[in-house]
Amino acid sequence: FHLFDFLAAFNNCDFAENTSILHCRIDGAGWHAYEGSGRFLRFLGNYVRNAGPVTIGDIPHPLPRLDHYHDLGIGQAIVADNVLEGIGRCGGIAVNYGTTQVVVSNNLFINYNGTAIRASNATVHNNYPSQNITIKGNIIDLTYSGEKAAHRTGILLHTSDTIA
């Protein structure tokens, strides 16, 4: 994908399951490289340049028909072996809203101008804080060479039951 000012390169906010995004080039996606409330995501071996975050979770589920997500767990994901380069709009990899069982590993952040990895305990509607997250083996270079350097953070954690 080569995108300019689109909202998202990949958007899967329909509670889909078993999604794989493998070996893609995402360049210039305005808001998200991936945004998804699905379960069992694999985001592997991609090159993300000057794009928004890879957002795991974002599962606002106020409807009773989605109560089973509390029993089964939501947002299980593996985000590994990716290269994220450049602007980092709204962060690089974001783990949000009630996700559990997430692995973020072996990603490379180059010339990055934002928070590389963020795990949030924020909640919306009736979901729970994110938990059971493992962050390991990532290489984070925050030496942004462009103009207007932002406040940069390698890994920002606000979750419990997280290994980094």
Could you walk me through whether Val54 and His32 pass the side chain to side chain contact (heavy atoms under 4.5 Å, CB included) check?
CA-CA 6 Å; Val54 175; His32 284 85; over 6 Å; no
For Asn113 and Arg152: C-alpha separation, side-chain torsions, deciding distance, then whether side chain to side chain contact (heavy atoms under 4.5 Å, CB included) applies.
CA-CA 6 Å; Asn113 191 26; Arg152 297 176 303 280; 3.7 Å; yes
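Side-chain atoms of Asn82 come within 3.5 Å of backbone N or O of Phe43 as a donor-acceptor pair. Side chain of Ser130 to main chain of Thr99: a donor-acceptor pair is present (N/O by atom type, distance under 3.5 Å, no hydrogens or angles). Proximity of a side-chain donor or acceptor of Arg39 to a complementary backbone N or O of Gln76 within less than 3.5 Å is not detected. Put simply, the side chain of Asn107 gets close to the backbone of Val79: a donor and an acceptor are under 3.5 Å apart. Between the side chain of Asn46 and the backbone N or O of Ile21, at least one donor-acceptor pair lies under 3.5 Å.
Under the 4.5 Å side-chain criterion, counting only non-hydrogen atoms from C-beta, Ile78 is in contact with Leu44. Side-chain contact between Val102 and Thr100: absent, with no pair of heavy atoms (C-beta onward) separated by less than 4.5 Å.
Across all non-hydrogen atoms, the minimal contact from Tyr34 to Leu41 is CE2-CD2, 3.4 Å. Heavy-atom minimum distance, Ala51 versus Val48: CB-CG1, 3.7 Å. Minimum heavy-atom separation, Ala33 to Ile26: O-CD1, 4.0 Å. Between Leu142 and Gly114, the closest heavy-atom pair is CD2-O, 3.8 Å. For Ser20 against Arg42, the heavy-atom pair with the smallest separation is OG-NH2, 2.9 Å.
Taking CG of Leu84 as the start and CZ of Arg49 as the end, the distance is 12.5 Å to the nearest 0.5 Å. Separating the CG atom in Asn138 from the CG atom in Asp81 is a distance of 9.5 Å, to the nearest 0.5 Å.
Hydrophobic clustering places Ile140 together with Tyr112 (ILVMFWY residues linked when any side-chain heavy atoms are closer than 4.5 Å, directly or through intermediates).
The hydrophobic cluster containing Ile110 also includes Tyr47, Val83, Leu108, Ile139, under a criterion of side-chain heavy atoms closer than 4.5 Å among ILVMFWY residues, counted directly or through chains of members.
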Under 3.5 Å donor-acceptor pairs involving side-chain atoms of residues 154-164, not counting sequence neighbours:
unit_1: Thr159; atom_1: OG1; unit_2: Thr162; atom_2: OG1; d: 2.6
unit_1: Asp161; atom_1: OD2; unit_2: Asn132; atom_2: ND2; d: 2.8
unit_1: Thr162; atom_1: OG1; unit_2: Ser160; atom_2: O; d: 3.2

